[in-house]
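In this text, all values refer to a predicted model and were calculated from it rather than measured experimentally. Chain letters run A, B, ... following the sequence lines, proteins first, then strands; residues in each count from 1.
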Amino acid sequence: MRKETFNHKEIEKAAQAKWAELDLYRTDLTDTTKDPYYLMFEFPFPSGDLHIGHWYAFALTDIYARYLRAMGKNVLFPMGFDAFGLPAENAAMKRGLDTRTWTYESMERMRTQVRTMGTSVDWSKEVVTSDPEYYHWTQWLFTKLFEQGLAYRGSAVVNWDPVDNTVLANEQVLSDGTAERSGAVVEKRRLEQWFLGITKYAERLLTDIDPLPWKEDIKDAQRAWIGKSDGATLSFVITFKNDPTLNDWRDDKGNPASLAVFTTRPDTLFGATYVVLAPEHPWVTRALEDHADVLSNAVEVKKYVEKTKRKSERERMENKEKSGVKLEGITAINPATHEEIPVYVADYVIGSYGTGAVMAVPAHDERDFEFAQLFNLPVTQVVAHPFKQTTEPGVYREGEPTLVKDGIITIIKHWKEDKYMGLAWKKVAWGTFLTGGVDEGMTPEETVIKEIREETGYLHAKIVKKLMVVDGLFYHVPKEKNQHVHGHVFYVELVDDTKETVDAEEDEKHEIKWLTLDEMEKFITPDTHKHALEVFKNGYAPYTGDGSLIDSGEFTGRDNEEAKWDIVSMASGERTTNYRLRDWLVSRQRYWGCPIPIVYDPEGKPHAVPAEHLPWLLPTDVTSTTKGPNGKAPLAASKELADRVVTIFGEGWTPEYDTLDVFVDSSWYYLRYLSPQNNQAFSDQALMKKWMPVDRYSGGSEHTTVHLLYARFFYKALYDLGLVPTVEPFNERFNRGLILGTDGQKMSKRWGNVLNPDEFVEKYGADAVRMYLAFIGPYNEAGSYPWKHEGIESMRRFLDRIYALRTKVQEGIESTIPAQKSLARASQKVASDLTRFKTNTAVSALMVLMNALEDEEQISSKDFVSFLEVLAPLAPHLAEALYEEVSKSESAQSVHSLSWPEFDQSLLEDDTVVIGVQVAGKTRGEVSISPTATEEKAVAAALQDPKVLQSLPGGAPTRVIYVPGRILNLIP
RNA sequence: GCUGGAGUGGCGGAAUUGGUAUACGCGGAGGAUUCAAAACCCUCUCCUUCGGGUUGUGGGUUCAAGUCCCACCUCCAGCACCA
């Protein structure tokens, strides 16, 4: 038997009944006496049961809600259910139950569970997305977007299950590309679908992130998702070899047959040696379907295109080996070099990004390089790889004048042996290849032959290959000046040892060494030469960085970034921005979702269902398991729906059969909380002005990109329609961490490590579970925390000790100063910790406080109530129970109606503090002095300490650094 | 591969934002209590050759670095053939 314990079931029941009776958590949204604070957590799917993750999300935000109320805020803390959607539908189907019935029963169960946590949710604001009262307005908002052209129809590729004759969501397709349900190999099909035009908002979604007070990882994930790229669209004129008449062919806009490509590297245009089209590119389709004769290898191309179509998304993602087919009969003209270059179709180019076609620059793009290797395509270097010398001798001297010139770096092979020429410099510790400057009027090649002869005397040298151009910035020690050399790197073989006498002056400079490649590696010193050797040994690797342009016509020599846009205008290109973000496909061929409020006239033209016919009800004569005809959505089988359309709109009119993606439902629910029963509007304008944006939004990191981004877009679209008052819906965003199983693994049925929170609530009580979760780690950082049984036991022990404290409480006695000080400190610490969502240190502060109170003989009832007030957000039930016991002199009915305890500031200031004493920065002792003591006093006190004296030669410091109340540092 | 974040005892984690590193809790050891055990209570618990040393590693800035700067290593998260 514990010395003191309490019956948590009793006190929880009593407290919860009391709160309900007092209607303590109903928020008056129109209250003008208090500051509004909108605190929200992500509303759950009705998954059937609350798991520990739900507790973590709801209970910890509840702690903050209770704290804010005590701070005098008017807190809106609502909840609801994201009730439509696949998870509910699948769960119901798996159990063989009706989706609607199962979903609503499931929500009822979860509501009860949420109450057991002691959350202070205002249930009068509850929203359920599958209620017609809610989706009425989802539909209304959709029609508003439709009117703006922001909701539109387009064709999209979907996952098609040929056995079940149905469309599958990505989640229903297994990693091997088969359907979860039927096991069939999933195919790709192009269907007409509804989209929301989120890409129109890409730029604003991006720039408006910057001022938000979110953690960098959340912001960055959104930026990556939007994926902005600045570049240019360039046109490549196309020539049809097999059918010259087509060369006059013009596109829809009357432009000559030319192919648009998007590139972020127009500066490398001179190095574009071929062009690649995505297999989905309209030209490929057209060439195969309408003009098969333009391709000499149409059969082969067709085969390749078919093959890539069958490839699943995942396959394409995992297997990144290049493949492709040349389009025989079509060539393109590089607009910069005017050279004729080949055209390929390859699936490494994505049809839906940019123009679905790229110019390939193998010298400066890794993917293009890989492809070029495969097909033996030319690699033309146009950007020199720069090296600024960073190791002596020859470190580039910043700010000093620099001689810019062309030069050669020559790797010379011995005429007989497998050895190479190295030059050991005599006046400086350089080991180099043969180098030289290119004189006016000479080519680098001529310079090579000349330099070999002048500097080494060898007469018979053969240039085998030009390897590359490197750009060296270094200090030429013998010449005593900075040089910036565009170094043309050559590989040369000596034919024989015929040589003439070398000029004595040249001979003075360096000595020839014949070295193997391994020896050469150690011998060579300048960075440019090291790189040249590397390329000689391992071959050219694509260089994707910046540098000066080479072999780029009139642009040669200029900085690539600086010349970029000039090259674009020279090629008559257009500066373009592209985004990775695609428009949001919202059609779902499922039953359990918000019906898309669209009907089609006899010509097939879509019309929004007029407002007076909303809500556009989900028919009840079909259900999740109903199969629509020809693989259409379940609603296509609904007679109820078809009849409704004919009755309202007339013969020949047909309904839209698809339902909306659940992320549409959840994109605006925070607006509905403000006016959940409103049947005149989706929300209330005055209340939105008062309450938006949501002050703090807590949720899972899995929703960082999709939900958060979609909600931001939806809200911005409503802002443009004048329907909401601000540009962003959420101010602060906190991603919570993950509670792991006791084995440190993610909880999953597969590992058999799923813990049921109800068991712990039953055994230790809701308060212990709440406080344990609060203590497990910082809630404001998305870490992951393994569940420890010992942890929750210790938390119950802590609560028992608090319960035991009540026996020390005395009515009518004075507070002691130590008790007051402890309370003041804890109250301040808990307040600042909770504000930052640092629940773990808030709990720790409570523990420190309790340890101090335990040392007291007696506790005044006033102090004890203060203690309960600080405890109340974290352990609301126990605080309430103890409050009832000791609060006879208090006027408030509930501890949760009290305001946060205030203490005299002077209680936080100590008369004496212990500060560290350092000698030369090392801690040697400590002194106990007043935080306002003068430097003389502090030093005098410190010199009393023998340890300090001992380490302070001379007995007195020459210099003193004194930060009152913090540190004393004595410098000998 | 790219981008972002983080590395502190046996473990979860603290650290007034540059000022006594290891708060609080778990685990462990010893004791008290008990016929005995559980529970409860008390004490100790980074290393040390007792000089001192210690925040992933190596440098730097500073009177002073877990905190700031540079390089490297490791882990986590997001994106991933996006031209």
Which part of the nucleic acid, if any, lies within contact of A:Asn969, taking any heavy atom under 4.0 Å across all strands shown: a base, the sugar-phosphate backbone alone, or nothing? base
Which heavy atom of A:Thr839 sits nearest to which heavy atom of A:Leu60, and what is that distance? OG1-CD1, 3.8 Å
Give a yes/no answer on whether the side chain of A:Arg924 brings an N or O atom under 4.0 Å of OP1 or OP2 in B:G52. yes
Contact under 4.0 Å: A:Asn840 side-chain N or O vs B:A14 OP1/OP2: yes
I need the OH-P distance between A:Tyr962 and B:U20, as an integer number of Å. 14 Å
Under 4.0 Å from OP1 or OP2 of B:G13: is there any side-chain N or O of A:Lys838 that close? no
Verify, without hydrogens or angle tests, whether A:Ser258 (side chain) and A:Phe236 (backbone) share a donor-acceptor contact under 3.5 angstrom. no
What do you reckon, are the aromatic ring centroids of A:Tyr344 and A:Phe375 less than 6.0 Å apart? yes
Do the non-hydrogen side-chain atoms of A:Tyr540 and A:Phe369 ever get within less than 4.5 Å of each other? yes
Is A:Asn851 near enough to B:G25 that one of its side-chain N or O atoms lies under 4.0 angstrom from OP1 or OP2? yes
Compare the minimum distances between each of B:G13, B:C79, B:G25 and the side chain of A:Trp225, then state the nucleotide with the smallest one. B:C79
Nearest listed nucleotide, side chain of A:Lys322, among B:C81, B:C26, B:G4: B:C81
Should the side chain of A:Lys788 and the base of B:C11 be counted as holding a donor-acceptor pair, with the cut-off at 3.5 Å? no
Regarding the side chain of A:Asp220, the nearest nucleotide among B:U20, B:G12, B:G4 is B:G4
Grab the stems for RNA chain B, please: at least three consecutive Watson-Crick or wobble pairs, both distances below 3.5 Å, written as range with range. B:1-7 with B:73-79, B:10-12 with B:24-26, B:27-31 with B:41-45, B:56-60 with B:68-72
Pairwise P distance for B:G52 and B:G4, with rounding to whole Å: 43 Å
Identified side chain to side chain contact (heavy atoms under 4.5 Å, CB included) counterpart of A:Val349 within the set A:Thr355, A:Val261, A:Val358: A:Val358
Give a yes or no on whether a salt bridge exists between A:Arg223 and A:Glu216, defined as a side-chain N under 4.0 angstrom from a carboxylate O. yes
Between B:G4 (P) and A:Trp214 (CH2): distance, integer Å: 18 Å
Do any side-chain nitrogens or oxygens of A:Arg966 fall under 4.0 Å of OP1 or OP2 in B:A64? no
Any A:Lys829 side-chain nitrogen or oxygen under 4.0 Å from OP1 or OP2 of B:U16: no
A:His703 NE2 to B:A77 C1': how many Å, rounded? 16 Å
By the 4.0 Å heavy-atom rule, please label A:Phe775 as base, sugar-phosphate, or nothing. base
Across the strands shown, which category fits A:Glu216 at heavy-atom distances under 4.0 angstrom: base, sugar-phosphate, nothing? sugar-phosphate
Assign A:Val963 to base, sugar-phosphate, or nothing according to its heavy-atom contacts below 4.0 angstrom with the strands shown. base
Among B:U20, B:C81, B:C40, the one nearest any side-chain atom of A:Arg797 is B:C40
Anti/syn call for B:G30, syn if |chi| within 90°: anti
Would you classify B:G51 as syn or anti? Syn applies when the glycosidic angle is within 90° of 0. syn
Which of the following nucleotides, B:C63, B:A83, B:G12, is nearest to the side chain of A:Arg959? B:C63
Tell me whether the guanidinium CZ or amine NZ of A:Lys228 lies under 6.0 angstrom from the six-membered ring centre of A:Tyr579 and within 45° of its axis. no
Using whole Å, what does the distance between atom C1' of nucleotide B:A15 and atom CZ of A:Arg836 come to? 11 Å
Tell me: CG of A:Asp347 to P of B:A83, nearest whole Å? 17 Å
With a 4.0 Å cut-off on heavy atoms, is A:Ile776 in touch with a base, just the backbone sugar-phosphate, or nothing at all? sugar-phosphate
Does B:A21 have OP1 or OP2 sitting under 4.0 Å from an N or O in the side chain of A:Thr923? yes
Among B:A83, B:C63, B:U20, the one nearest A:Thr264 by side-chain distance: B:A83
Answer with base, sugar-phosphate or nothing: what part of the nucleic acid does A:Pro786 contact at a heavy-atom distance below 4.0 Å? nothing
Taking OP1 and OP2 of B:G78, is either one under 4.0 Å from a side-chain nitrogen or oxygen of A:Thr705? no
Give A:Lys215 one of three labels, base, sugar-phosphate or nothing, depending on what nucleic acid heavy atoms sit under 4.0 Å from its own. nothing
Is a salt bridge present between A:Glu793 and A:Arg796, judged by a nitrogen-to-oxygen distance below 4.0 Å? no
If the plane angle is over 60° it's perpendicular, under 30° parallel, otherwise tilted; pick one for A:His281 and A:Trp283. perpendicular
Distance check, P atoms only: B:G51 and B:G56, in whole angstrom units. 28 Å
Give me the distance, rounded to whole Å, that separates B:U62 from B:G66 when you measure between the C1' atoms they each carry. 16 Å
For B:U8, glycosidic torsion class - syn if within 90° of 0, otherwise anti: anti
Any salt bridge between A:Glu856 and A:Lys808, counting N to O under 4.0 Å? no
Nearest-Å distance once atom C1' is located in both B:U57 and B:G7: 12 Å
Sugar-phosphate only, base, or nothing, as touched by A:Gln918 at under 4.0 Å among non-hydrogen atoms: base
Between A:Arg223 and B:C79, does any side-chain N or O lie under 4.0 Å from OP1 or OP2? no
Sugar-phosphate only, base, or nothing, as touched by A:Val914 at under 4.0 Å among non-hydrogen atoms: base
Give a yes/no answer on whether the side chain of A:Tyr353 brings an N or O atom under 4.0 Å of OP1 or OP2 in B:A83. yes
